[in-house]
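Working notes for the structure below.
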Amino acid sequence: MTSTHPAAHPALARAVHHASVWLEGLTTRAVNATTSLEALRARLRVPLTRQGVDPERVVDDLAAATEGGLLGSPGGRFFAWVIGGTLPSAIAADWLTSAWDQNSGMYATAPAAAVAEEVVGEWLLDVLDLPRDASFALVTGCQMAHVTALAAARSGVLRDAGWDVERDGLFGAPRIRVLANATRHITIDRALRLLGFGLNAVQPVDTDERGRVTPEALQKALSAGTGPTIVVLAAGDLNTGEFDRFQELIPIAKSAGAWVHVDGAFGLIARASATKRHLLEGVELADSWSTDAHKWLNVPFDSGIAIVRDRDAHRTAMAVHASYLVSSDDVARDEMDWNPEFSRRGRGFALYAALRELGRDGLAQLIDRCCAHCHSIVTGIGALDGAEALWIPELDQGLVRFLDPRSGATEEDHDACTDRIIGAINATGEAFFGGVTWNGRRAMRVSVVNWRTNDSDVARTIEAARHALAGASA
Ligand SMILES: Cc1ncc(COP(=O)(O)O)c(C=O)c1O
């Protein structure tokens, strides 16, 4: 009989060791990468041997070769892009997912995975308070969640116009208009490209000074045309965390017969917090929603979620049939009927673990804590000499700008100064930020979506910014 003791799997034992060293070092190691591109290439580009290499040596060598080439993004002082951390049970469940290696495309190939996803779907609809009978798919990220949800939207609005897009495609179909928040995320555009809408289908809708679609602009855009229409709104702007005013906008879109899709990559999760929920009032009226588990739910990559009110449209857009497959005939979940993938990872296990570990209160506290830390970092750095808070967050995303101290400095000088100071902070290894051009000017983005970020991280981060500013003016 084969032993299941870890000693029988030295490579796994080595992985546990290296992972522990990595995770424990997150508070002390530099957050930025400290090894050059050339060095990483030289270390990793070893000869591919004929005989292969012992598994434990492969693992040890991999850990050694990547040293200094990994960003400390799972740690508490990484605030670039929107990159969540990883909860301990979610990492462990992710490892088990690999060890179990179930093809989670259907119940027949992975019964436990199908049931775990079924439960995760119920939990998500419950904590996000979305229609409990909505369908869902666990996909690779919000990008593919948009593709999945907008494929359902395409199917639904064309079905209502008397056209079967699954059978007849888009050639000759009634043209679909997509009215979208002018500040939408680029993954919306890519989803529309992949789905054959073409970027010319998009009509950007004007926003107010806070980047929110205005009811007047939406009404005007809707009245300017006819035919199948999809409206795309934002639950959490990438730079500001701002929300469209769903309660006002969605009824306007619905009364014009439009399908409303919401990009809630991180912001939709805020609905699980009693203190932030009011920001998303009315979002439940939409037809489809995209969000991520690898951002604010702190599940390892890659984990996105598509949710669709019209189950028939969703299933019609995705389902596949072949005689060699085993359909569970609606008795159990066959993921491939809802997902764009065929063979796939058992994505539900890590999400199941994260939600159980957090519980309802833990999730709400995670959201509130991240928002409070984001506020402290933006106001703390913004109060330093040579800095200015551009967007003081209500959610978990804020903006800071750094000012060139020379008299007569122009906006372009401040832009260059902002990028310089971001680079200088990152070079300290203490904290890591990204930049963005926002309203035509360079700014530093502050994105806090990690359960690990704590008061000490906030203090160290503000100190790193003070140090970078002092170095720049010296
Ligand atoms: C608002 C928004 N939408 C969509 C995405 C894309 O998400 P993903 O990278 O999971 O595909 C992001 C990523 O940051 C985002 O911030």
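When a ligand or atom number is given, it counts from 1 through the structure's own listing order. Note that the structure is a prediction, hence the values are computed from the model and not measured.
- In this structure, M144 falls outside the shell of residues with a heavy atom less than 4.0 angstrom from ligand 1.
- Donor-acceptor pairing under 3.5 Å is lacking for the side chains of R344 and N103.
- Considering only non-hydrogen protein atoms, atom 9 (O) of ligand 1 sits nearest to K295 NZ, 3.5 Å.
- D263 OD2, 3.5 Å is the protein heavy atom nearest to atom 1 (C) of ligand 1.
- Taking the charged nitrogens against the carboxylate oxygens, R210 and E242 do have a contact shorter than 4.0 Å, which makes a salt bridge.
- Checked against the 6.0 Å centroid criterion, the rings of H146 and H261 qualify as a close aromatic pair.
- For R347 and E117, the salt-bridge test fails: no basic side-chain N is under 4.0 Å from an acidic carboxylate O.
- Counting the atoms of ligand 1 from 1 in the order shown, those under 4.0 Å from a heavy atom of T187 are 3 (N), 4 (C), 5 (C), 6 (C).
- Atoms of ligand 1 found under 4.0 Å from any heavy atom of G141, numbered from 1 in the order shown, are 10 (O), 11 (O).
- Counting protein heavy atoms only, atom 2 (C) of ligand 1 is closest to A265 CB, 3.3 Å.
- At least one N/O-N/O distance between C142 and ligand 1 falls below 3.5 Å.
- Using 4.0 Å as the threshold, G236 has a heavy atom nearer than that to some atom of ligand 1.
- Among protein heavy atoms, atom 11 (O) of ligand 1 sits closest to Q143 N, 2.7 Å.
- Among all protein heavy atoms, the one lying closest to atom 16 (O) of ligand 1 is L238 CD1, 3.4 Å.
- Salt bridge E411/R401: present, at least one basic N to carboxylate O contact under 4.0 Å.
- With hydrogens and angles left out, the side-chain atoms of S288 and W259 include a donor and acceptor closer than 3.5 Å.
- Side chains of T229 and R177: a donor-acceptor N/O pair is present below 3.5 angstrom, by distance only.
- Backbone and side-chain nitrogen or oxygen atoms of D292 are examined, and one is located within less than 3.5 angstrom of a nitrogen or oxygen of ligand 1.
- R212 and T183 are not linked by any side-chain donor-acceptor pair at a separation below 3.5 angstrom, with hydrogens and angles left out of the test.
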